[in-house]
Amino acid sequence: MPGLGTSFGRGGATTSLQDLQNADCILIEGSNMAEAHPVGFQWVMEAKRRGATIIHVDPRFTRTSAVSDLHVPIRAGSDIAFLGGLVNQVLSNDLDFREYVVAYTNAANIIDADYQGPDDLDGLFSGFDPETGQYDPISWRYEPPEEMNEEERQRDRELREEADAAGTGQDAKRSHQAARSESHGSGGAPVNWKGLRDETLQHPRCVFQILKRHFARYTPEMVEEVCGIRPEQLHQVAEALTSNSGRERTTAFAYAVGWTHHSTGAQMIRTASILQLLLGNIGRPGGGILALRGHASIQGSTDIPTLFNILPGYLPMPLADHHQSLDEWVRADEGKAGFWGNIRSYAVSLLKSYWGDAATPENDFCFDYLPRLTGDHSTYSTVKGQIEGKVKGYFLVGENPAVGSANGKMQRLGLANLDWLVVRDLQMIESADFWKNGPEIETGELVTEDIGTEVFFMPAANHVEKAGSFTQTQRMLQWRDQAVQPPDDCQSELEFYVDLGNRIREKLAGSTDEMDRPLLDLAWDYPVDEHGEPDAEAVLREINGTGPDGAPLSSYTELKADGSTSCGCWIYCGVFADGVNQARRRKPHWEQDQVASEWGWVWPANRRILYNRASAAPDGTPWSERKRYVWWDAEQGRWTGSDVPDFVVDRAPDHVPADGAKGPDAIGGQDPFVMQTDGKGWLFAPVGVADGPLPAHYEPPESPVHNPVYAQQNNPGRKQLSTPSNPINPSFSDVFPYVFTTYRLTEHHTTGAMSRTLPYLTELQPEPFCEVSPRLAAERGLEHGEWVTIVTARTAIEARVLVTERLRSLRLGEQWVEQVGLPYHWGVNGISKGDSPNDLVNVTMDPNVSIQDKVGTCDIRPGRRPRGPELTAYVEDYRRRAGVDLDNPTDGGTDT
Amino acid sequence: MEQFLGWPLVRQVLGRDKLGRGAAAMSQRSRTLEPRTVQADRVVDSVCPFCAVGCAQKVFVKDEKVVQIEGSAASPISRGRLCPKGSASKQLVTSSSRVTKVRYRRPHGTEWEDLDRETALDMIADRVIATRKQFWQWEDEEGRRTRRTLGIASLGGAALDNEENYLMKKLYTAMGAIQIENQARI
Ligand code: SF4
């Protein structure tokens with residue numbers, strides 16, 4: 001996530017679940033941890049048992065709230081305002097951890113004189129281009145040094161050229177943004193110089209002063225108006241956080257998709273990062289920001305991505321307008337301070353693992369075999385392409401977008417317009433038989449015989465029928481052994497893809513077409529066992545990487561740019577150190593200390609708490625005995641402690657890099673953020689975040705509320721998907737007066753393919769429902785336990801209604817806001833069936849990551865929804881009354 | 001009378017097991033019962049496939065069938081616990097609605113058909129080759145080299161193993177397919 005990546009240098013959770021027990025205070029926001037990550041929640045309870053204060057900020061009162069010391073109800077989607085209010089409390093009362101802030105963050109950096117913020121520009125930052133809806137970040141940069149050396153001059157020139165080019169060529173800029181912002185999963189955005197610093201923090205243009213001015217607007221009264229949170233509650237939270245941070249104490253944050261699933265999602269995480277940096281809680285035991293991922297290996301599928309814009313280890317996919325050679329591809333990052341400066345070694349080693357002997361220095365290590373990007377190729381753009389007939393073949397691999405993606409109808413219209421579809425799953429999911437069971441068949445919008453899509457349902461092996469590794473929420477790889485063989489035709493993805501590659505290569509063998517070279521030269525020699533299953537450990541070895549002698553490497557510092565090493569994912573280098581599958585280590589916790597370094601393997605280099613150099617004071621001694629973790633042993637001349645130091649192990653705390661030092665050599669003894677090009681935690685992001693160097697509150701694309709903070713209503717950088725199947729409700733509409741938000745239940749898993757099909761789980765949670773407050777129930781005449789219909793401009797669905805005070809009516813100044821809560825797991829197949837709440841959700845995306853906003857507006861009425869074609873007419877009537885024009889489908893025109 | 005004294009309720013009232021959870025509830029038959037975990041031929045270490053907490057599991061196998069899945073006490077993360085999903089995961093293996101045969105729907109077809117796996121795999125390879133070529137693009141409109149196909153997309157990965165994601169991205173990249181996505185963005 002760029003929220004964490006640009007702030008700290010790596011996109012992963014900074015700490016572990018177990019380390020939560022060391023926290024003195026835990027703030028859980030954007031997550032219902034007790035219900036969505038139940039077993040992980042035991043560590044919150046351990047902390048509580050040891051006296052920690054637990055705070056839960058959430059629109060609903062849930063089982064997490066029930067055991068917290070404080071539940072703060074908040075309007076869905078208003079988190080930046082709340083967290084911004086806390087930042088303001090910290091700054092205006094001088095409650096930051098000043099020593100940490102001065103030494104380890106960019107608070108002292110002076111920003112370019114051209115920078116202007118939303119206070120000056122009515123809600124925008126400087127550099128906004130209204131035509132493209134994008135920012136040019138040049139005015140957000142660190143003040144250039146007065147005396148530039150040759151290299152800095154060169155970088156300055158390039159920056160200006162790039163800005164000019166971007167100003168004229170819209171495409172150039174778009175592709176630049178699309179691919180760049182997420183490649184900070186491990187390696188921060190590059191700055192061009194370390195910049196001038198004023199460590200007294202008094203310079204009016206230093207980050208600290210800019211921050212103070214920026215957040216001054218987020219007063220307790222403003223927070224109340226935006227979030228519906230009373231000033232006393234804000235003060236209570238601020239008091240808990242600040243009294244539990246500092247030398248002696250630490251506070252941890254935990255979040256989940258309650259933050260990521262917004263058109264301002266990356267900036268919500270940025271606000272939390274800013275707060276944690278100001279409080280000095282990053283890199284320390286009981287501190288950090290724990291991203292709670294929702295799927296077994298969602299972290300892994302980002303590290304070794306099946307994502308359009310990155311390659312393994314967060315290497316960016318090359319862009320057609322910038323990268324036509326290996327040199328051009330790595331140039332922006334190469335040589336900059338920190339470990340990301342060695343990008344060429346990581347890139348060449350990846351190309352070697354892809355194309356083996358065919359990759360040589362003479363042919364740029366087959367760089368040209370990599371396809372190039374020209375813009376946003378993310379999943380929602382792809383679906384739009386399917387509807388428009390531009391994408392004809394589709395693989396769905398353990399994923400069910402007809403239920404799980406926003407705006408299910410769009411997904412199904414895309415599926416219905418393919419030439420062929422391959423579905424790999426355990427059960428007959430809604431995305432596989434949409435052509436006979438989809439809701440559009442019922443309404444007559446689609447007719448089975450007219451759908452030309454050829455569908456192959458290929459049954460999959462499940463987690464006990466294959467060996468392999470998952471990467472869980474704290475970046476830990478854990479190996480699973482195979483228990484039994486898969487039944488009948490079921491296969492693992494490993495077997496399926498090895499086989500598919502073999503067949504394609506056989507069929508193309510002998511081709512002289514240049515287009516086929518990357519496939520024919522591919523290093524694709526995976527031996528299979530007697531059941532046809534490839535050896536997953538052999539693949540893990542390839543990911544780990546090997547040296548010139550073919551032996552497994554033990555650390556990414558061994559990677560070379562000359563082609564003598566190969567490595568499938570540099571951040572995973574070391575998982576096969578000493579020829580041992582380190583992810584398979586299972587030393588029981590009772591035989592280890594609390595850090596348990598011999599259970600599984602954590603990237604990078606088995607470091608459990610990231611940036612742990614910051615657990616010691618600038619001079620290398622622990623901040624306090626109580627929070628001792630990693631420190632400098634002057635006698636040995638090494639960093640030591642309970643974890644693997646996330647630092648150059650023999651770099652003394654007082655080390656000042658030589659002028660002109662590059663890569664890891666340029667890391668100073670007090671630069672704990674070793675993946676950042678300036679070694680510091682970023683309170684202010686001079687580059688790398690698409691929608692502003694600082695977070696600002698904007699309303700969700702559909703909202704009943706006029707943005708109280710700025711004249712700018714919505715995130716000006718949000719990505720919109722204008723197509724007739726994605727109409728947006730106008731904001732402030734009487735037709736759609738309520739807010740809705742979606743969430744999970746303990747007993748079901750995402751689209752339900754793995755839970756609505758299991759008798760045990762279905763018995764526990766048998767049917768879809770929604771939750772509303774008693775006040776809303778009275779307003780609309782809804783009766784507890786009865787059917788209701790929920791409507792947006794996309795469609796209408798039905799569910800049973802739970803009338804409960806767990807959903808609070810919020811008062812924002814004069815206005816009441818009511819929220820409808822919707823567990824989203826349902827679809828038309830399985831044992832437990834029902835309408836899909838995701839069909840209600842619109843597609844408007846965060847500009848950094850192209851993730852949709854799960855908050856929208858709706859109407860809710862008693863009774864079941866109309867059936868068949870009457871449903872279409874019913875929704876059409878809503879659209880007409882709200883003034884939604886399908887032929888001109890943009891947002892409701894709420895920007896002022 | 002003797003038989004009457006043997007009744008569980010009577011034993012509960014008269015005996016020491018007042019809550020009726022131990023000796024009082026036992027019968028001749030229940031005394032000979034053994035948990036499935038004891039009868040297993042082998043126990044295999046695994047990890048829960050649902051959420052990203054990553055709870056460790058013990059998979060009990062008898063006669064090459066999974067008979068039970070339980071939490072593994074050794075894990076420093078989960079300490080033996082599983083939530084309802086993890087506890088139900090045996091049914092992922094044994095579910096009666098699980099589809100274990102290839103299903104095929106021809107264009108415009110109204111029902112699923114059988115298809116043998118070899119044929120299906122071969123047909124898929126053919127389709128990939130054809131679509132890749134049909135939508136192949138050496139350059140974009142502005143003449144910049146792109147070397148790619150825009151005809152093929154893929155979605156999925158968060159429920160898969162690292163090794164699988166690795167091979168998928170590797171093969172797709174060699175094909176020139178770029179619209180490769182997973183749940184991390186959804
Ligand atoms: S048992 Fe529950 S908490 Fe543990 S990994 Fe599985 S789903 Fe997550």
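All values below were derived from every heavy atom in this structure, side-chain atoms included, with hydrogens, water molecules and symmetry-related copies excluded. Note that this is a predicted model, so its numbers are computed, not measured. Residue numbering restarts at 1 for every chain, and letters A, B, ... go by the order of the sequence lines.
- Contact annotation for B:Lys65: only backbone heavy atoms (N, CA, C, O) come within less than 4.5 Å of a heavy atom of chain A.
- Screening A:Ile298, A:Val575, A:Asp303 for a side-chain contact (heavy atoms from CB on, under 4.5 Å) involving A:Thr471 leaves a single residue, A:Asp303.
- B:Tyr172 touches chain A through its side chain: at least one heavy atom from C-beta onward sits under 4.5 Å away, while N, CA, C and O do not.
- Interface summary for chain A: among B:Pro76, B:Ala120, B:Ser97, the most heavy-atom pairs under 4.5 angstrom belong to B:Pro76.
- The contact between B:Ile129 and chain A is made entirely by side chain atoms (from C-beta outward), counting heavy-atom distances below 4.5 Å.
- Only the backbone of A:Ala36 comes within less than 4.5 Å of a heavy atom of chain B; no side-chain atom from C-beta onward does.
- Residue A:Ser16: no heavy atom, backbone or side chain, is found under 4.5 Å from chain B.
- Contacts between A:Ala523 and chain B at a heavy-atom distance below 4.5 Å involve backbone atoms as well as side-chain atoms.
- Within the cation-pi definition used here (under 6.0 Å to the ring centroid, within 45° of the axis), B:Arg147 does not qualify as a partner of B:Trp136.
- In this structure, the portion of B:Trp138 lying under 4.5 Å from any heavy atom of chain A is its side chain and not its backbone.
- Looking at B:Val61, only its side chain comes within 4.5 Å of chain A, counting heavy atoms on both sides.
- For A:Lys392, the parts lying near chain B are the backbone and the side chain together; criterion is any non-hydrogen pair under 4.5 Å.
- Residue A:Trp43 touches chain B through its side chain alone, counting heavy-atom pairs closer than 4.5 Å.
- When heavy atoms are compared at a cutoff of 4.5 Å, A:Val422 approaches chain B solely by way of its side chain, counted from C-beta outward.
- Heavy atoms of B:Val53 lying under 4.5 Å from chain A belong to its backbone as well as its side chain.
- Taking B:Val43, B:Thr94, B:Thr173, B:Val59 one by one and counting their heavy-atom pairs under 4.5 Å with chain A, the maximum is reached by B:Thr173.
- For chain A, the nearby part of B:Ile69 is the side chain; its heavy atoms alone come within less than 4.5 Å.
- Both the backbone and the side chain of A:Pro759 have a heavy atom closer than 4.5 Å to some heavy atom of chain B.
- The parts of A:Asp481 that come within reach of chain B are both its backbone and its side chain, each placing non-hydrogen atoms under 4.5 angstrom from that chain.
- Using a 4.5 Å cut-off between heavy atoms, B:Asp122 contacts chain A through both its backbone and its side chain.
- With a 4.5 angstrom heavy-atom cutoff, B:Val102 touches chain A via backbone and side-chain atoms both.
- Interface remark: B:Phe135 contributes side-chain atoms only to the contact with chain A (heavy atom separation under 4.5 Å).
- When heavy atoms are compared at a cutoff of 4.5 Å, B:Glu118 approaches chain A by way of both its backbone and its side chain.
- Of the listed residues (B:Val66, B:Ile77, B:Asp126, B:Thr131), the greatest number of heavy-atom pairs within a distance under 4.5 Å of chain A belongs to B:Ile77.
- In this structure, NE2 in A:His377 is found 13.5 Å from CG in A:Leu307, a value given to the nearest 0.5 Å.
- For A:Lys436, the NZ atom counts as densely surrounded, since its 6.0 Å shell holds more than 12 non-hydrogen atoms of other residues, nucleotides or ligands.
- Checked against the 6.0 Å centroid criterion, the rings of A:Trp524 and A:Tyr526 qualify as a close aromatic pair.
- In this structure, chain A has heavy atoms under 4.5 Å from both the backbone and the side chain of B:Ala73.
- For A:Leu17, the part lying near chain B is the side chain, with the backbone staying farther off; criterion is any non-hydrogen pair under 4.5 Å.
- Neither the backbone nor the side chain of A:Ile831 comes within less than 4.5 Å of any heavy atom in chain B.
- With a 4.5 angstrom heavy-atom cutoff, A:Leu522 touches chain B only via side-chain atoms.
- With hydrogens and angles ignored, the 3.5 Å screen pairs no side-chain donor or acceptor of B:Ser72 with any backbone N or O of B:Gly80.
- Both tests pass for B:Arg105 against the ring of A:Trp435: distance under 6.0 Å to the centre and angle within 45° of the axis.
- If you look at A:Phe457 and B:Tyr104, their ring centroids are not closer than 6.0 Å.
- Looking at A:Thr750, neither its backbone nor its side chain comes within 4.5 Å of chain B, counting heavy atoms on both sides.
- Residue A:Glu465 touches chain B through its side chain alone, counting heavy-atom pairs closer than 4.5 Å.
- Under the side chain to side chain donor-acceptor pair (under 3.5 Å) test applied with A:Trp599, the options A:Gln478, A:Gln18, A:Glu591 reduce to a single match, A:Gln478.
- The neighbour count for B:Arg106 CZ, taken as heavy atoms of other residues, nucleotides or ligands under 6.0 Å away, does not exceed 12.
- Heavy atoms of other residues, nucleotides or ligands lying less than 6.0 angstrom from NZ of A:Lys587 number more than 12.
- When only modelled atom types and interatomic distance are considered, A:Gln324 and A:Arg372 share a side-chain donor-acceptor pair under 3.5 Å.
- A cation-pi arrangement is absent between A:Arg424 and A:Phe395, since the terminal nitrogen or guanidinium carbon is not both under 6.0 Å from the aromatic centre and inside a 45° cone about the axis.
- Taking the six-membered ring for Trp and the full ring otherwise, the centers of A:Tyr394 and A:Trp420 sit at least 6.0 Å from each other.
- Interface remark: A:Leu764 contributes side-chain atoms only to the contact with chain B (heavy atom separation under 4.5 Å).
- Contact of B:Gln137 with chain A is not made at all, since no heavy-atom distance falls under 4.5 Å.
- Of the two parts of B:Thr149, neither the backbone nor the side chain holds a non-hydrogen atom closer than 4.5 Å to a non-hydrogen atom of chain A.
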